[in-house]
Every structure is written in C-alpha cells, then in structure tokens.
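The block underneath contains the structure these notes are about, expressed in structure tokens.
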Amino acid sequence: MSFRSRLVSGLLVLALAGVFVWTTFRDSTIGGKNESAGTSLFTDARKTLSLWYCDDTLTDYLNEVAVAWNDSGNRYRVEPHLVDGVEFLESVNKASIAADKNMPDIYILQDSSLGRAYEAGLASEITDAKDFADDVVYPAAARNAVTYQGKIVAYPFYFETAALLYNEDYLQEAASDAGDAAVPKTIQDILRFADQYNAPENVTSIFNWDVNFIGNTMSVGGDCGDDESKIDIYNAPTIQALQVYQKLGQFFSIDTATSSYDQVLSDFAGGKSVFTVATTDAVQKLADWSADGTFQWHYGVAALPDITDDFATRGLSVTSCLVVNGYSENKDAANSFVQFLLNDHNEDFSGRTGYRLARNGCKTEDSHWDGFYQAYTQSVPEPKMVATENFWMLAENAMQQVWDGAEPNATLKSLYEQVEVQVTGNTSFQTDAIADPEEVDVIPETSD
C-alpha cells in the first residue's frame with residue numbers, strides 16, 4: 001500500500017518524544033506505456049540503461065535528464081520506462097530473473113520497500129558513499145531512509161511528509177486584536193488560540209485535519225526502520241498520546257465519516273480554517289488555486305506542532321529512492337547516471353514535478369517548500385521490515401477505534417501483540433498490561 005493511499009482515510013501521528021505525523025499523499029499515477037529519450041533516427045550502438053518508474057508526473061523531467069545524458073557523449077544511453085505501479089517490485093523481480101532485455105538497471109522505489117528489494121538481490125550497495133558521511137549533502141532523514149542493515153542501498157531522490165499550514169492573514173488579524181501573531185509551536189498553543197480567537201464569519205473551524213493520531217516513544221525498527229529487535233509500541237507515553245488524540249477529537253468535533261484530505265485542504269483554501277496539517281502535494285495545489293483565484297489568502301508552512309512544550313513531535317516521511325538493480329550488468333554506469341541526475345541536472349525539479357529533492361541546498365521558486373523541507377529533516381522513515389509491512393494499516397484501525405471511544409491502553413496493547421505475532425511467529429504472544437499513566441493536560445482551563 002502506498003504512503004499516500006494508506007493515508008486517504010486520515011492518519012496523523014503525533015507522538016510523545018518522537019511522533020509520526022502524516023496525512024493523505026497523492027497516489028502514484030499508474031501507467032502502462034514506455035517512454036524513451038534521446039532516440040536517434042540511426043541505430044545507436046551504445047549500451048542502454050533502462051530506468052523504470054511508475055509516477056507519470058516525473059515523465060517530462062526524467063526524459064529531459066536522459067536526453068542531456070545521452071547527448072553528453074557517454075558510452076551508455078538511458079531509456080526511461082513508465083510502467084504499471086501495481087506490484088511494481090514484483091515486476092522488477094520477474095524481469096530481472098528472466099534477464100528481460102528491458103529489465104531495469106535503475107528504478108525508483110519508496111524507502112519502505114528497500115529491505116525487501118535488498119534481500120531479493122534487487123538493490124545493490126552504492127559505489128560511492130561519501131555524500132552520506134554527514135549532513136552536508138543529505139539530512140539524517142534521507143540517509144536513514146536508504147540505509148538497510150548498515151549499508152547504503154539506494155540514493156534518496158525526493159520526499160513526501162506533513163507540515164502545519166496556517167492562514168497568515170487570519171494570524172495578522174488576530175494580532176491586531178490581541179497583539180500576538182506568533183505561529184503556534186504546540187498543539188496546546190493551538191488549543192489556547194482556539195479558545196480565545198474571535199473568528200470571522202467565514203471560519204468554520206480553527207484547526208481541521210484528515211487525521212488519526214497515535215503516540216510514540218514508539219519505535220518500529222529503530223532510526224532506519226530495519227531492526228526487528230527495536231519494536232517498542234506499548235508504553236506509557238504512547239498511551240498518553242492516544243489519550244490526547246481522543247481529547248482533540250472531542251475538542252474540535254471532527255467527523256471522520258465526512259472529513260477527507262481533499263475536503264480539508266479545500267476548506268483551508270476557502271478560508272474556512274486557520275490551521276491544518278497537509279502534505280507536500282499542497283504546495284502545487286495551493287499555487288494552482290491561487291493562480292485561478294480559488295485561493296485568495298496568504299499562508300505559511302511550519303514544522304509539525306509539538307503536543308506541549310515538554311513533549312516533542314516528529315513526522316513520518318516517505319523518501320522515493322533511485323535504486324541500482326543488483327541484477328544489472330551495468331552497475332557502474334547506472335551509479336554514474338544517478339549521480340549525474342542528482343548532482344548535475346537537478347534544476348527546477350520542484351517546478352517540473354511538484355516534489356522536492358531530498359537533499360540540502362536545492363533552490364525552489366516557491367518558498368513554501370522550505371517549511372516542508374524543514375519538516376522532512378526532522379522526520380523518521382517508514383519501517384523497511386517485511387514482517388511489519390502492514391503496521392500502518394493495523395495502526396490506522398487501532399486509532400479509528402480510539403477515536404470512536406475505545407480505551408487507549410487496551411487498544412494499544414492489542415496492536416503491540418498483533419505486531420509481535422507477525423515478527424516472532426509466536427501466535428500465542430501476549431504481554432502484561434501496564435497501568436494507565438497520568439493524562440497529559442492539553443485542554444485550556446477556560447474551555448467548556
């Protein structure tokens with residue numbers, strides 16, 4: 001299940017001491033056609049590097065890069081191929097085992113599938129890891145995303161994550177009344193703002209999001225999401241975060257049956273909400289709506305809010321990666337092309353694709369990308385472990401139960417036991433219940 005598809009039903013994870021937050025991401029476009037670049041009227045005797053991808057929004061950009069590479073006098077030429085995204089990795093595997101003439105030498109894959117790809121021999125360790133030694137080129141989030149069992153098995157390409165969007169015009173109006181236009185840094189700040197804000201008639205909600213919420217000091221595989229010994233789901237801080245989640249639902253009265261990501265973002269664009277949590281696709285959507293007059297406000301992007309001053313949050317991110325196929329006979333050339341794409345031909349990537357490269361120092365015409373990139377640098381990657389591939393589906397079900405009134409402690413205990421059954425293979429696994437922790441006080445005292 002793709003990151004964006006998984007979050008269509010709404011998944012926000014705010015965690016104590018490290019929280020996963022996410023919302024609906026755009027589904028990868030499924031195609032069936034092949035695209036090639038740099039084709040000559042005459043037979044090209046050079047060897048061909050095949051690049052597979054399944055998101056059509058990348059087509060023009062990848063073709064342009066391929067043409068630049070093909071025209072630069074290399075001994076290899078590159079042909080991008082847009083292929084069906086359903087069972088994408090399985091298609092890569094079948095073509096590679098069969099040594100199909102069009103098997104990919106390079107392909108684009110989300111980081112959560114890198115463990116499965118590497119174990120199947122479909123991802124090779126990169127040849128030059130100097131860019132991954134520190135934060136100069138790639139932030140820790142990107143480096144962790146492509147690390148599996150201590151090896152760098154892909155190149156970070158672009159990312160998707162969530163951030164806080166706020167209506168700058170409303171904050172300035174509030175400042176003229178109360179003298180404070182500071183962007184909230186915590187959920188508690190937003191609750192205080194909501195309690196005191198004299199909202200214009202157009203505003204129907206202060207903070208609205210298509211989300212669910214679960215807590216953390218939750219670790220699912222450690223920093224790189226690849227260590228089955230580091231699964232810590234059922235603990236007091238996570239229970240506290242689920243308790244906060246229930247309180248937020250009661251405070252803001254969000255109806256998950258009618259609230260979808262598209263509707264939430266549309267409401268924000270229409271000035272019906274002051275704050276929302278959105279994903280990277282919002283940058284292009286709001287730019288388009290601003291151009292056609294649908295969106296007539298100014299907005300800002302900030303890091304995801306902490307729960308309180310004492311409990312920090314981190315976001316969940318997905319990094320799409322450029323993988324050199326372990327079955328390829330042209331690995332050196334494939335690595336060279338990837339480095340050409342990332343280092344020498346990355347101009348206007350965001351403007352052409354609606355994504356942002358997962359590396360430092362990239363210039364973008366739309367400054368709103370800066371806020372999303374800052375959120376990405378603070379994020380954690382999805383788990384790469386095969387045994388936990390359905391974790392976020394299980395977590396979503398658990399969070400929906402809590403939203404509907406289920407007891408947080410018992411629900412989280414059940415989730416943890418389900419995951420451990422999958423990881424250990426012990427179908428009778430059970431854990432002792434822990435006492436309910438003291439609830440975190442986030443609702444302003446002056447609220448009803």
Side-chain angles (χ1 to χ4, degrees), residues 1-6 20 22 25 28 51-55 58 83 85-97 103-129 131-132 137-161 219-231 316-328 331 334-335 337-339 341-342 355 357-359 376 379-393 422-423:
M1 185 186 304
S2 76
F3 187 47
R4 194 178 296 275
S5 296
R6 181 173 64 253
F20 298 160
W22 66 97
F25 281 174
S28 293
L51 167 61
W52 282 22
Y53 66 104
C54 60
D55 187 342
L58 300 172
V83 300
V86 177
E87 299 295 335
F88 177 75
L89 190 57
E90 180 61 25
S91 297
V92 171
N93 185 53
K94 288 180 179 179
S96 300
I97 292 175
M103 64 165 275
D105 297 281
I106 310 158
Y107 58 96
I108 298 173
L109 188 71
Q110 290 185 350
D111 58 322
S112 59
S113 297
L114 284 178
R116 191 151 51 100
Y118 184 79
E119 295 294 347
L122 298 171
S124 60
E125 191 172 359
I126 68 171
T127 57
D128 187 354
D131 288 345
F132 300 89
V137 178
Y138 294 106
R143 301 198 308 274
N144 289 339
V146 297
T147 300
Y148 182 72
Q149 303 299 319
K151 301 178 176 66
I152 307 297
V153 298
Y155 295 87
F157 190 12
Y158 59 91
F159 70 88
E160 298 170 88
T161 195
S219 175
V220 187
D223 289 342
C224 299
D226 61 352
D227 189 344
E228 291 184 356
S229 70
K230 295 180 178 178
I231 296 179
L316 179 70
S317 62
V318 165
T319 303
S320 291
C321 309
L322 288 156
V323 185
V324 174
N325 192 344
Y327 282 81
S328 173
K331 293 185 184 66
N335 276 281
F337 171 73
V338 171
Q339 292 177 10
L341 184 156
L342 294 175
Y355 296 118
L357 291 171
R359 57 189 289 134
Y376 175 63
S379 70
V380 293
E382 288 192 291
K384 303 181 183 70
M385 299 169 292
V386 175
T388 59
E389 281 189 314
N390 70 334
F391 172 74
W392 301 115
M393 180 183 69
Q422 295 180 178
V423 171

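Hydrogens, waters and symmetry mates are skipped; everything else that's a heavy atom, side chains included, is used.
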_Closest heavy-atom pair and its distance - Ala387, Gln422_ = O-NE2, 3.0 Å
*Of the non-hydrogen atoms in Tyr118 and Lys151, which two are nearest, and what is the gap between them?*
OH-CD, 3.1 Å
*asked:* If we check side chain to side chain contact (heavy atoms under 4.5 Å, CB included) with Pro156, which of these qualifies: Asn144, Val146, Leu357, Asp131?
replied: Val146
*asked:* For a 4.5 angstrom cut-off between non-hydrogen side-chain atoms, does Ser113 reach Phe88?
replied: no
*For Asn325 and Met103, run side chain to side chain contact (heavy atoms under 4.5 Å, CB included): C-alpha distance rounded to whole Å, both residues' side-chain angles, the deciding distance at 0.1 Å, then the answer.*
CA-CA 9 Å; Asn325 192 344; Met103 64 165 275; 3.5 Å; yes
*Validation row: Tyr107, Leu122 side chains within 4.5 angstrom (heavy atoms)*: yes
*Sidechain-backbone polar pair: Gln149 side chain, Asp226 backbone, donor-acceptor under 3.5 Å*: yes
*Do Asp55 and Tyr158 come close enough that some side-chain heavy atom pair is under 4.5 Å?*
yes
*Assess whether atom NZ of Lys331 is packed by more than 12 heavy atoms of other residues, nucleotides or ligands within 6.0 Å.*
yes
*Is there a side-chain contact between Val83 and Ser91 (heavy atoms, below 4.5 Å)?*
no
*Can you name the closest pair of heavy atoms from Glu228 and Val423 and give their distance?*
OE1-CG1, 3.8 Å
*With side chains defined as the heavy atoms from C-beta onward, is the minimum distance between Ser320 and Gln110 less than 4.5 Å?*
yes
*asked:* Looking at every non-hydrogen atom in both residues, tell me the closest pair between Lys384 and Ala145 and how far apart they are.
replied: CE-O, 2.8 Å
*To the nearest 0.5 Å, what is the distance between CG (Leu342) and CZ (Phe337)?*
9.0 Å
*asked:* Just so I know, are the side chains of Ile126 and Phe132 near enough to count as touching, which here means a heavy-atom distance under 4.5 Å?
replied: yes
*Evaluate side chain to side chain contact (heavy atoms under 4.5 Å, CB included) for Val380 paired with Asp223, printing each intermediate quantity in order.*
CA-CA 7 Å; Val380 293; Asp223 289 342; 5.8 Å; no
*Could you walk me through whether Val92 and Tyr327 pass side chain to side chain contact (heavy atoms under 4.5 Å, CB included), step by step?*
CA-CA 10 Å; Val92 171; Tyr327 282 81; over 6 Å; no
*Heavy-atom pair of closest approach, residues Gly221 and Ile231*: N-CG1, 4.4 Å
_4.5 Å side-chain heavy-atom contact, Tyr155 and Gln339_ = yes
*To the nearest 0.5 angstrom, please state how far the CZ atom of Arg143 sits from the OG1 atom of Thr319.*
12.0 Å
_Distance, nearest 0.5 Å, that separates CD of Glu119 from OH of Tyr148_ = 3.5 Å
_I need the minimum non-hydrogen distance between Asp105 and Ala334, along with the two atoms involved._
O-CB, 4.2 Å
*About how many Å separate CG of Leu109 and CH2 of Trp52, when rounded to the nearest 0.5 Å?*
12.5 Å
*asked:* I want to check something: taking the side chain as every heavy atom from C-beta on, are Leu322 and Ile108 in contact at a cut-off of under 4.5 Å?
replied: yes
*Find the distance between OG (Ser124) and CD1 (Ile106) and round it off to the nearest 0.5 Å.*
10.0 Å
_Straight-line distance of Phe159 CZ to Tyr376 OH, nearest 0.5 Å_ = 7.0 Å
